[in-house]
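Nothing fancy with the numbering, it's 1 onward along the sequence. Order of listing sets the numbers, starting from 1, for every ligand and every atom in it.
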Amino acid sequence: MANTIIAPSLLAADFANLQRDIEMINNSDADWFHIDVMDGVFVPNISFGMPVIKAIAKHAKKTLDVHLMIVEPDRYIKAFADLGCDILTVHYEACTHLHRSLQAIKAEGMQAGVALNPHTNISLLEDTIQDIDMVCLMSVNPGFGGQSFIENTYDKVKQLRKLIDSKGAATKIEIDGGVTDKNARQLAEAGADVLVAGSHVFKASSPSETIVRLKELTAL
Ligand code: DX5
Ligand code: ZN
């Protein structure tokens with residue numbers, strides 16, 4: 001039975017009760033913490049930076065999956081490694097020398113992810129897929145939580161699955177944005193390995209039961 005990884009996004013947590021929300025994830029069926037870093041340049045919003053991630057890392061007991069929505073991510077790779085991040089994802093659209101950035105992330109002992117904006121074609125990864133541990137398909141335009149899911153994502157998951165299989169790569173497929181109990185199963189069936197969920201989890205009356213439900217829905 002395929003086990004889909006569920007990664008709640010802390011962007012939707014209550015920042016005044018961050019430790020409480022982190023403990024909720026520690027004690028839940030969730031697999032990873034998804035951490036969104038926005039710089040106000042690559043995306044039209046600013047989230048949080050190093051001091052907050054340091055505080056998160058102190059309490060979080062699961063994989064730290066860090067999604068950089070920033071320009072010039074190379075400048076900060078070592079800093080994120082030093083904070084204890086496990087997976088570091090950079091945007092395809094923000095990297096002039098993507099291959100070099102991927103090698104730099106791995107050299108720091110982290111897994112290397114590449115995120116694609118909704119308009120960015122899967123075929124652009126043909127020459128790098130074997131070097132990528134995870135591709136994050138944005139199913140909304142990055143920058144904000146709580147947006148609606150872009151339906152074209154299902155086709156992109158299938159195309160990406162084909163590319164990964166054709167190259168014999170072990171790359172994981174992550175979906176980020178607008179994930180709910182309405183699309184989770186279809187995404188898992190299309191070939192997604194990791195589902196990020198922000199608002200759907202944290203705005204629910206019971207976040208931990210919502211996580212259980214997502215795990216059940218995506219167990220194929
Ligand atoms: C969007 C972020 C997402 C966001 C998802 O720019 O990358 O990770 O937190 O939030 P929801 O699940 O609310 O769409
Ligand atoms: Zn994200």
For ligand 1, find out whether one of its N or O atoms is nearer than 3.5 Å to an N or O atom of G198. yes

Any nitrogen or oxygen of P142, main chain or side chain, under 3.5 Å from a nitrogen or oxygen of ligand 1? no

Of all N, O or S atoms in D176, identify the one at the shortest distance from the Zn ion (ligand 2). OD2

Distance filter under 4.0 Å to H67 heavy atoms, resulting ligand 1 atoms: 7 (O)

Which residue and heavy atom of the protein sit nearest atom 13 (O) of ligand 1, plus the separation: S199 OG, 2.3 Å

Quick one: which of D176, V43, V179 has a heavy atom closest to atom 5 (C) of ligand 1? D176

Hydrophobic cluster identity match, I53 and I77, side-chain contacts under 4.5 Å: yes

Using only heavy-atom distances, determine whether the side chains of E23 and N26 contain a donor-acceptor pair under 3.5 Å. yes

Run the contact test for G177 against ligand 1 with a 4.0 Å cut-off on heavy atoms, strictly below, and give the result. yes

Sub-3.5 Å N/O-N/O distance, D36 and ligand 1: yes

Could you tell me if any non-hydrogen atom of H34 lies under 4.0 Å from any atom of ligand 1? yes

I need the atoms of ligand 1 closer than 4.0 Å to a non-hydrogen atom of M138, numbered in the order shown. 7 (O)

Under 4.0 Å from ligand 1, counting heavy atoms only, is it the side chain of H200, its backbone, both or neither? neither

For M69, the ligand 1 atoms with a heavy-atom partner under 4.0 Å come out as 6 (O), 7 (O)

For ligand 1, which atoms have a heavy atom of G178 less than 4.0 angstrom away? 11 (P), 12 (O), 14 (O)

Quick one: which ligand 1 atoms are inside 4.0 Å of a heavy atom on G146? 11 (P), 13 (O), 14 (O)

Protein heavy-atom partner closest to atom 10 (O) of ligand 1 - residue, atom, separation in Å: G145 CA, 3.6 Å

